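For reference, the structure is listed below as structure tokens.
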Amino acid sequence: MPVNLKLQSFEPLIIAFCCNWCSYAGGDLAGTSRMTYPANVRVIRVPCSSRVSSNFILRAFQRGADGVVVAGCHPGDCHYTSGNYFARRRFLLLQRFLEFLGMEPERFQVHWISASEGNRFAAVMTETTDKIRALGPNRKLRDTR
Amino acid sequence: MKQLSEILKEVAFGSLSSGEAEMVIGWQKGPFWWQSFPAFITDPGGTGSLIWDPFSVSNLSKYLLKEVPEKKIALFLKGCDALGFNQMLRDGRVDREKVLLFGIPCDGLVDPARVEAAGLSKGLLQVKKEQEELIFYYKKGQRKAPARDFYYAKCLSCRYPNPVIYDQMLGEAVPCQPVERFADVSKLETTPLEERFSYWSRHFSRCIRCFACRNVCPACSCRECIFDLAEPRWLGKANELSETQFYHITRAYHVAGRCVDCGECARICPVGIPLAELNRKFIKDINELYGEYDAGADLDKEAPLLTFKTDDPDVSSGS
Ligand code: SF4
Ligand code: SF4
Ligand code: SF4
Ligand code: FES
């Protein structure tokens, strides 16, 4: 059963844009506390969740990401006071738009993770990886060249 | 519409000959019945060629970006054009002091494609509008039909037929009876995911990336557009679906909260991609999530994406 074998061995690629001030530090804490989370997640550090433009998200999908996560400080805790509040509106609209175009909603997620939530960071990344693995490879915005 | 056409010539002549304006932007008849081109007139003697007819559809205010006036530029705005003008004003792309605005109440313009579809275009010389009727003139004789049957889709759902901004209004306000504008979006929202994806892929794969939909858009007035950037080159040139998807997602997302729903992008698209459905998805969601907002209608109202509330609905964590 070559098809099934292939499915079983599918490992998703997940790009996580993590805010420097909270989620990135949360990831650090997960590491220093020796918690494990899947190696499928590639973290990219950004200064704030509001730094993440749609260009980054779309490019990640184009170049092979099966899932994209944006992680930022909890609403109210943004290092720049209000960045994540603006981001929250923009990302919610983008999520609904991508779904409108036929993209599975699980593929683009936003999470709020603070610097002290190492366990939450690990849990979110594990859960996300499992979900995306179950969905299978993303082909929808991928560059086929 | 004859009358309005005369008034339009008069005010154009007046503003040029008095020296108040250095240029008038209006419409001029082209060689065929369906052509009413933008006209740029600086000599008062040239204003006689200006017209207002059922094909004066192009939004003239976008041309303001190309002209740098010393005095004023006078131009004509229909209801939808006025919303677009307001948005350009809000985006800081036009100077209110440098324009002289003549408002035109407009109850609908004629889509040449519908004339053709009705089999009326063969040998057609001219189309005139009288009250609620269109008169089609041929070499031999004429025919009449209800005007509304030939209107652009954007006109049938138009909610602001009377300009919301002007210096002088040229005519009586017209009544407004828009059809529901979110019907297509709602229908798509309830179709299965995969069907939706193939629907859009079918449309996007026909896009020739001519950028006409961006060029015509009053919300797309950036001095430097992401699609023109060579470094970083966000949008490639290849004929590749994912590039076209990038274009369409980005275009619609950039005008979210600023799109005035003037329908120009969908009208101008040479391959008939239903761009209005993309823009209206954002408008519908913004209305539902952050309260009703009509871009371009009220300059004092806060733009939905330039503000927030601490108790806004949360983004999805993908469950
Ligand atoms: S006008 Fe139509 S064909 Fe041209 S770029 Fe826009 S959607 Fe594509
Ligand atoms: S996106 Fe289309 S409908 Fe919206 S303002 Fe631009 S041209 Fe008009
Ligand atoms: S597509 Fe975006 S960058 Fe280009 S003109 Fe429109 S809003 Fe500006
Ligand atoms: S600094 Fe963390 S979201 Fe703004």
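Throughout, protein chains are lettered first and strands after them, A, B, ... in sequence-line order, and every chain is numbered starting at 1. These numbers were taken from a predicted model, which means no experiment stands behind them. Reckoned from all heavy atoms, side chains included, excluding hydrogens, waters and symmetry mates.
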Completion exercise
Assert top hit (heavy-atom pairs under 4.5 Å, partner chain A, pool B:Pro304, B:Ser201, B:Ala256) equals B:Pro304
Handout entry: Cationic N near anionic O, under 4.0 Å, A:Glu99 to B:Lys281
Key = no
Practice task
Measure the CG-CH2 distance between B:Asp314 and A:Trp112 for me, rounded to the nearest 0.5 Å.
Solution key: 6.5 Å
Problem - Contact winner vs chain B - A:Leu94, A:Leu101, A:Val69, heavy-atom pairs under 4.5 Å - result: A:Leu101
Practice task
Please report the shortest heavy-atom distance between A:Arg88 and B:Tyr290, naming the atom on each side.
Solution key: O-OH, 4.3 Å
Practice task
Look at atom CD of B:Glu224 and say whether more than 12 heavy atoms of other residues, nucleotides or ligands are closer to it than 6.0 Å.
Solution key: no
Exercise for the section: Working to the nearest 0.5 Å, report the span between CZ of A:Arg142 and CD of B:Glu240. Expected result: 11.5 Å
Handout entry: Closest non-hydrogen atom pair between A:Leu92 and B:Pro313, with its separation
Key = CD2-O, 4.0 Å
Handout entry: Pairwise distance CZ(A:Phe100) to CG(B:Leu193) - rounded to 0.5 angstrom
Key = 12.0 Å
Exercise for the section: Tell me, yes or no, whether the heavy-atom count around A:Arg34 atom CZ, taken from other residues, nucleotides or ligands under 6.0 Å, exceeds 12. Expected result: no
Problem - Beyond-backbone contact of B:Thr307 with A:Tyr85, side-chain heavy atoms, under 4.5 angstrom - result: no
Problem - Audit row: B:Ile249, A:Leu98, side-chain contact (heavy atoms from CB on, under 4.5 Å) steps and yes/no - result: CA-CA 8 Å; B:Ile249 296 168; A:Leu98 291 179; 3.8 Å; yes
Exercise for the section: Write down the atom of B:Phe246, the atom of A:Asn55, and the distance for their closest heavy-atom approach. Expected result: CZ-OD1, 3.9 Å
Problem - Atom CG of B:Asn239 with >12 non-hydrogen neighbours under 6.0 angstrom - result: no
Handout entry: Within the 6.0 Å centroid threshold, strictly below: A:Phe97 and B:Tyr253
Key = no
Handout entry: Sub-4.5 Å side-chain heavy-atom contact between A:Arg96 and B:Phe282
Key = no
Practice task
Side chain from CB out, backbone as N, CA, C, O: work out which of these in A:Arg107 comes under 4.5 Å of a heavy atom of chain B, or both, or neither.
Solution key: neither
Practice task
Answer whether the closest heavy-atom distance between the side chains of B:Glu243 and A:Arg145 falls below 4.5 Å.
Solution key: yes
Problem - Check ion pair B:Glu194-A:Lys140 (N to O, under 4.0 angstrom) - result: yes
Exercise for the section: Provide the closest heavy-atom pair for A:Leu141 versus B:Ser242 in the form atom of the first, atom of the second, distance. Expected result: O-CB, 3.2 Å
Problem - Euclidean distance, A:Arg139 CZ relative to B:Phe197 CZ, rounded to 0.5 Å - result: 11.5 Å
Handout entry: B:Leu305 backbone acceptor or donor facing A:Arg89 side chain under 3.5 Å
Key = no
